[in-house]
Every structure is written in structure tokens, then in C-alpha cells.
Protein chains: 2
Amino acid sequence: MISIPRLRELGLKLTPQRLAILEVLEGNTEHPSAEDIYKQLKSRYPSLSLTTVYNTLEVLAGAGELQEIRIRANKRHFDPNPAPHGHFLCRICGAIDDVETGPLEIQAPLQTKGYFVEKYAPYFYGICPRCRERDRGSNQ
Amino acid sequence: MISIPRLRELGLKLTPQRLAILEVLEGNTEHPSAEDIYKQLKSRYPSLSLTTVYNTLEVLAGAGELQEIRIRANKRHFDPNPAPHGHFLCRICGAIDDVETGPLEIQAPLQTKGYFVEKYAPYFYGICPRCRERDRGSNQ
DNA sequence: TGTTGTTTTGTTATTATTATAAATAAGCAG
DNA sequence: CTGCTTATTTATAATAATAACAAAACAACA
């Protein structure tokens, strides 16, 4: 939830492009890529450039307002929810789902070894419930 | 530890290129990229092609003999240890360290929701002990 | 309303990876 | 050991995502 006052706080200018990108991200649980966002907006904002989308995502990710997801090789996705949680990639349909993670005591051993952990990103791979259900249906 | 009999089992031909790539990977805890492996071998095997390195890594990863690490945006690294474990990326020096992970009861909630989890890849980001130590030294 | 510095845009460059097709060579049969 | 078959390697070109750049546009403040 990136509010307009929050953007001001970060010293960012409120451009129509940024507001449009935020609108796409707001409450979005589909984890779009830069390209996805660009395509969604291009018809409404024909002058929008892909570079602007990248810039905006870069700035917001740097400010901790959204997170980069590196669950797929060679392609980044973005999550407007900056709270720590995991992600699941379905190898059938390619969907990326949010995964709630419990208390992260898993980090403790790292800290005792002298690591300074700033971020924890658990990724899961497999088959999502929708695809399992669909397959089950077609096998009967 | 990818043995020669294991390669045979997989129906793969034992080419000098593959053996050389395996030699670089064997016991390697530095998590090289395809390019890293290529550079290490190029002087010894001048005819080696980067495509071959990619092919070999692809085949071995597909067979579950090594794992792809997607901890960095837009660049893959490889780990000859196929056992489940996590990785830590240092934002100062870029090193990727192995992280032992305990029993993965974290997956249970996913399974009850109908997910079929084939792989779990926990990534950690921050500053490694070497860089923290170095900084501490230079600040005194 | 003018000024300043940020942002946007179009374009080009870079980087990692993948596709392709011809040449090579591993492994097996005889 | 020799030839055959097929997987593999190689060089090259293509692709795809992202980053760099510089000029034009415009948000924010005085």
C-alpha cells in the first residue's frame, strides 16, 4: 500500500506515470513483471515508456515499498506487498502465489555466524492447487 | 558428487568437455555462473564453447545432479550440491554462501493448501561475515 | 509564473541465454 | 579394431530482459 503522502516523504514527484503504475500494483497479487505492467497501461497511456516502468519499480524497490521476486530465471517480478513472505512458482501454469511464512527463526544460525541478514526470500517450486485439480479432472 | 557411473546411468556420453566441467564443479562451493566455468576452462581447453557449458549445466540440472541458484537478478549460478539448502548473497562483495537449513516444516502449510512442493529454495540477502569484519577494521 | 532539478521518453547498448545447423566424436555392433 | 549411428560440440546468429544515455517535458516550489 504505497500512499501519495509516502511518495512525498520519499522525495518523489507525483507524475501521472507513477500514479498509473501504482494503481496497477495496488492490491495486485499476480506479481507482474515490468513488461506486464507496461502492457496493461500502454493503451490507456500511449506515451508511457518501458524505461519509466523500470525506473519507477527500481526506485520503489530501493525505498523498500515493494519487493523484487527472483523466483524465475532471467525475469524479475514485483510484489507491492513489502512485508516478508515467500513465493511459490507453479511449473505448469507459471503462476506465482504468495506464501505466508511463520516466524523466521531460521535466520538465527546465520546471525550467530556473523551474517547480517537484511532480507529473507523463501521460494517454493512445484504444482499449484489449480493445476493439480485440473489434472485430476482430466484423468478421470 | 556426480560420478562417472552416474553419468552413464543418465545415458550421457562421457566427453572431455563434460568431465572438465564436472571437475570444476566438484566440491566447488563458490557457486559459479556458466561464464565463470567457461573462463576457468578456456585456457586449458581452448576449443570449449560457452554453449557446451550451458548445455551441460542444463542437462545436469534437469537430472537433479546440481541446482540452479536464482539469488541474483538476471544471472544464474550453479551449485554441485543437490541436497536442499539455502544461499546467502552478500551485497558488498557479491559472494554466495551456502546456508544449512533445518527440517523444512515450513512446507507443511503449503501442502495442506493443495500445493505439491518439489523444491524449496531459501535465499538470504545482507552482508557476509568477511565484509563486516573488514568494515569493522577500517572504522577503527 | 518562472526556475530548477527530477522525470520521462526514444533510442541505443549491454548482458545472459537460447536456437540453429554443420562438423565432430563417443559408444556400440560386428 | 573399424565403421555406423546418434548425441554432442562448435561457431554463429537470434532473442529477451534490462540498463545507459541525452534531450525534451514537466512537477514542485519560490
Side-chain angles (χ1 to χ4, degrees), chain A residues 2 4-24 31-63 65-66 68-78 94 96, chain B residues 2 4-22 24 31-63 65-66 68-78 89 94 96:
Chain A
I2 306 149
I4 290 177
R6 179 68 185 128
L7 283 187
R8 284 235 162 74
E9 251 177 72
L10 295 167
L12 299 177
K13 292 190 172 168
L14 298 180
T15 65
Q17 294 87 342
R18 281 180 176 164
L19 296 174
I21 293 166
L22 286 179
E23 207 181 303
V24 170
H31 309 99
S33 65
E35 184 88 37
D36 292 335
I37 296 170
Y38 175 72
K39 281 183 185 155
Q40 268 189 62
L41 291 171
K42 189 64 180 171
S43 53
R44 252 196 301 157
Y45 300 90
S47 82
L48 181 68
S49 124
L50 184 54
T51 303
T52 297
V53 178
Y54 273 107
N55 285 345
T56 299
L57 293 171
E58 180 78 13
V59 165
L60 294 176
E65 296 299 313
L66 52 83
E68 265 184 57
I69 302 173
R70 300 177 185 172
I71 199 167
R72 287 181 46 186
N74 318 327
K75 183 151 199 173
R76 282 184 295 165
H77 293 258
F78 295 87
I96 296 172
Chain B
I2 307 147
I4 290 176
R6 180 67 185 127
L7 285 187
R8 284 234 162 76
E9 250 177 74
L10 294 167
L12 301 177
K13 291 188 176 173
L14 298 181
T15 67
Q17 293 88 341
R18 282 181 175 162
L19 295 174
I21 292 166
L22 286 179
V24 169
H31 309 99
S33 65
E35 184 88 39
D36 292 335
I37 295 170
Y38 176 71
K39 281 183 185 156
Q40 269 188 60
L41 291 171
K42 191 62 180 172
S43 52
R44 251 197 301 157
Y45 300 89
S47 82
L48 182 70
S49 124
L50 184 55
T51 304
T52 296
V53 177
Y54 274 106
N55 284 345
T56 299
L57 292 171
E58 181 77 13
V59 165
L60 294 176
E65 296 298 312
L66 52 84
E68 265 184 58
I69 302 172
R70 299 176 184 173
I71 200 167
R72 287 181 46 185
N74 317 327
K75 183 152 200 173
R76 283 184 296 164
H77 293 257
F78 294 86
L89 173 66
I96 297 173

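Just so it is clear: chains get the letters A, B, ... in the order the sequence lines come, proteins before strands, and each one is counted from 1.
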Where do [X] and [Y] come nearest, in terms of heavy atoms and distance?
X       : Y       : result
B:Leu66 : B:Leu57 : CD1-O, 4.0 Å
A:Ala73 : B:Glu68 : CB-OE1, 4.0 Å
A:Leu50 : A:Ala34 : CD1-O, 4.1 Å
A:Leu10 : A:Glu65 : CD1-CG, 3.9 Å
A:Arg18 : A:Lys13 : NH1-O, 3.1 Å

Exercise for review: Using only side-chain N and O atoms of A:Arg76, determine if any of them is under 4.0 Å from OP1 or OP2 of D:dA19.
Suggested key: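 Checking D:dA19 against A:Arg76, a side-chain N or O does come within under 4.0 Å of OP1 or OP2.
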Point to revise | Base versus backbone protein contacts along nucleotides 20-30 of chain D [heavy-atom cut-off under 4.0 Å; B, S, -] | key: B------BS--
Revision key, fill the gap. Judged by nearest nucleotide, the residue sitting upstream toward the 5' end of DNA chain D, A:Ser33 or B:Val59, is B:Val59
Check your understanding: 5'-most contact on DNA chain D: B:Arg18 or B:Asn74, nearest heavy atom basis?
Key -> B:Arg18
Just the rounded figure in Å: distance from [atom2] of [N] to [atom1] of [X].
X       : N      : atom1 : atom2 : result
A:Asp36 : D:dA16 : CG    : P     : 15 Å
B:Tyr54 : D:dT10 : OH    : P     : 15 Å
A:Leu10 : C:dT7  : CG    : C1'   : 15 Å
A:Glu58 : C:dT6  : CD    : P     : 17 Å
B:Tyr38 : D:dT9  : OH    : C1'   : 12 Å
A:Lys75 : D:dT15 : NZ    : P     : 16 Å
A:Leu57 : D:dA17 : CG    : P     : 15 Å
B:Arg70 : D:dA17 : CZ    : P     : 14 Å

Exercise for review: Taking side-chain contact (heavy atoms from CB on, under 4.5 Å) as the test, write out the residues that go with B:Arg72, two or more places apart.
Suggested key: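 Result, side-chain contact (heavy atoms from CB on, under 4.5 Å) vs B:Arg72: B:Lys75, B:His77, B:Leu89.
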Point to revise | First of B:Leu50 and A:Lys42 reached from the 5' end of DNA chain C, by closest nucleotide | key: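 Taking each residue's closest nucleotide, the earlier one in sequence belongs to A:Lys42.
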Check your understanding: So which pairs with a foot in residues 33-42 of chain A pass side-chain hydrogen bond (donor to acceptor under 3.5 Å, both in side chains), sequence neighbours left out?
Key -> A:Ser33-A:Asp36, A:Tyr38-A:Lys42
